[in-house]
2 protein chains.
Amino acid sequence: MPQLTLTAMDIAGRKDRATRAHDQRERIVDAARRIVLREGLAALSMRKIAEAIGYSPASLYLYFEGRDEIAEALGREGYAQLLAYLEPHACADDARERLHALAHAYVAFGCDHPQTYELIFMMHRGRQQQAGPHAHRQRDAASKPPASDARACAACGAQLFAATLSELILARGAHADCGLLAEALWATLHGVVMLTLARAEFAPAAPGPLIEAALDAWFGERAAATLPPAQTSGAASC
Amino acid sequence: MPQLTLTAMDIAGRKDRATRAHDQRERIVDAARRIVLREGLAALSMRKIAEAIGYSPASLYLYFEGRDEIAEALGREGYAQLLAYLEPHACADDARERLHALAHAYVAFGCDHPQTYELIFMMHRGRQQQAGPHAHRQRDAASKPPASDARACAACGAQLFAATLSELILARGAHADCGLLAEALWATLHGVVMLTLARAEFAPAAPGPLIEAALDAWFGERAAATLPPAQTSGAASC
DNA sequence: GTCTATATGTCGATAGAC
DNA sequence: GTCTATCGACATATAGAC
């Protein structure tokens, strides 16, 4: 049965091809990650990636549509890194303890891995239309999903804290709009990170005490009974 | 007295020259501002500025050392704009009312003038070393002051709120570390703005209620007695 | 599948004529 | 003081040979 054998080989060949393509994509992303970690997202370019893996720039287009797709892959990866980094800090039994640990870890991650944090939350800015003459075609084509998994990450920043926060509040018998407070908490931590990364002059002298003060005022023991009630507008309460 | 006349003319001439130079600088900055407002800071280039005012790119270097100096001038201007925007919102007699108005106005300014906000707080990022081959000379020369008035703006973000905040807290007889809380408040508002500017998916559904919730939890009437005490570490208390 | 070569555009900054 | 011309570098992306 030569047909069967041929079919089997076809399948094997297809698998091989798929695997090789996958490996190449990984090599490319690896090189891209090294560049971003060393020089920042703004310095990422097809040429540099190609040079780093001994390719010609043209070959990269066999595996990725362009720079943006590579950057997006790095962003996904970065978000996974952030989650992995936070996970061990979410193990405390006490909700309050857990919330504090998570908050400090979040800021620590952002400050210690600025390039990765930038990848996650700042993919958009700069280099808006600095591309070549064919960029508009790319843009039109890429306008299908503004970001394939953007919605998945959407409120994820807040959701990182929402569960713990709701547990904390419920345990105290208080009734508050957890979604709103989680967003506020996320914004605060994000703000601390961004101010720190923006300029040394903007950074809070000591982020640690600042985070403590913020959490204490919001969720400290003495604040237990004073949380604002769920509001009529906006996000669903917990 | 020909000497005197000559001297007088010299002085007049010098004044003229200085005035003209000043006018030219203004023309340049005006054009630069228009470009940034229309296309963002990343799109600001010497060539575009020159074209906008009918100059050759080379001529700009007679009035500015380079792109960075122009951007810095725009940043100063943007900060002044922010202050001017906030001022009318700081007129309420009641400290609590004033704090709320300031907070909302701050976020509104950032969201409504993203390019200007970027100019103030994100001058640093991207385009780090995207310049030409002679950029290193520039960098060496410019390394005297990392930013001439950076120190002046340093904790200004927090200071925008510190006075009102301290008044509010003192009025209630509570004792808290105003500096720390002011920084936390600033970080929160900055975070809200940045998340909003970064991506629609990140932005809080409604910034208004979020700000209200944050302020209420921190400084709401029911939170009056529960503010965290001044801490031993960090900034000076008020 | 990979590369060379190229098209097309961007930029900062300078030298030297006028 | 202003411009032309240019240097030297960056980029995205494609066409077509091998």
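Here is how names work: the chains are called A, B, and so on, in the same order as the sequence lines, proteins then strands, and each is numbered from 1. Here the structure is a predicted model, which is why all the values come from computation and not from measurement.
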Worksheet item: What about A:Arg20, does its side chain sit under 3.5 Å from the base of C:dG1 through a donor-acceptor pair?
Response: no
Worksheet entry | Any N/O donor-acceptor pair, A:Arg47 side-chain to D:dT12 base, under 3.5 Å | yes
Item to complete: Could you tell me whether a side-chain N or O of B:His113 sits under 3.5 Å from a main-chain N or O of B:Phe109, the two making a donor and an acceptor?
Response: yes
Please determine whether a side-chain nitrogen or oxygen atom of [X] lies at a distance below 4.0 Å from atom OP1 or OP2 of [N].
X       : N      : answer
A:Gln24 : C:dT2  : yes
B:Ser59 : D:dG1  : no
A:Tyr61 : D:dT14 : no
B:Ser56 : D:dT4  : no

What integer distance in Å separates [X]:[atom1] from [N]:[atom2]?
X       : N      : atom1 : atom2 : result
A:Glu65 : D:dT14 : CD    : C1'   : 15 Å
A:Ile49 : D:dC10 : CD1   : P     : 15 Å
A:Ile35 : D:dC10 : CD1   : C1'   : 14 Å
B:Arg67 : C:dT10 : CZ    : P     : 16 Å
A:Tyr63 : C:dT2  : OH    : P     : 4 Å
B:Leu60 : C:dT14 : CG    : P     : 13 Å
B:Leu62 : D:dC3  : CG    : C1'   : 11 Å
A:Glu51 : C:dC3  : CD    : C1'   : 15 Å

Worksheet entry | First of B:Met46 and A:Ala58 reached from the 5' end of DNA chain C, by closest nucleotide | A:Ala58
Practice prompt. Could you tell me whether the side chain of B:His104 reaches within less than 4.5 Å of the side chain of B:Glu212, counting heavy atoms only?
Written response: yes
Fill in: Non-hydrogen side-chain atoms of B:Glu69 and B:Arg25 separated by less than 4.5 Å
yes
Worksheet item: Is the A:Phe121 ring parallel, tilted or perpendicular to the A:Tyr106 ring (thresholds 30°, 60°)?
Response: tilted
Item to complete: Using the ring of A:Tyr63 (Phe, Tyr or Trp, six-membered ring only), decide whether A:Arg27 places NZ or CZ under 6.0 Å from its centre and within 45 degrees of its axis.
Response: no
Practice prompt. For A:Phe64, report the nucleic acid contact type (base, sugar-phosphate, nothing); a contact means any heavy atom under 4.0 Å.
Written response: nothing
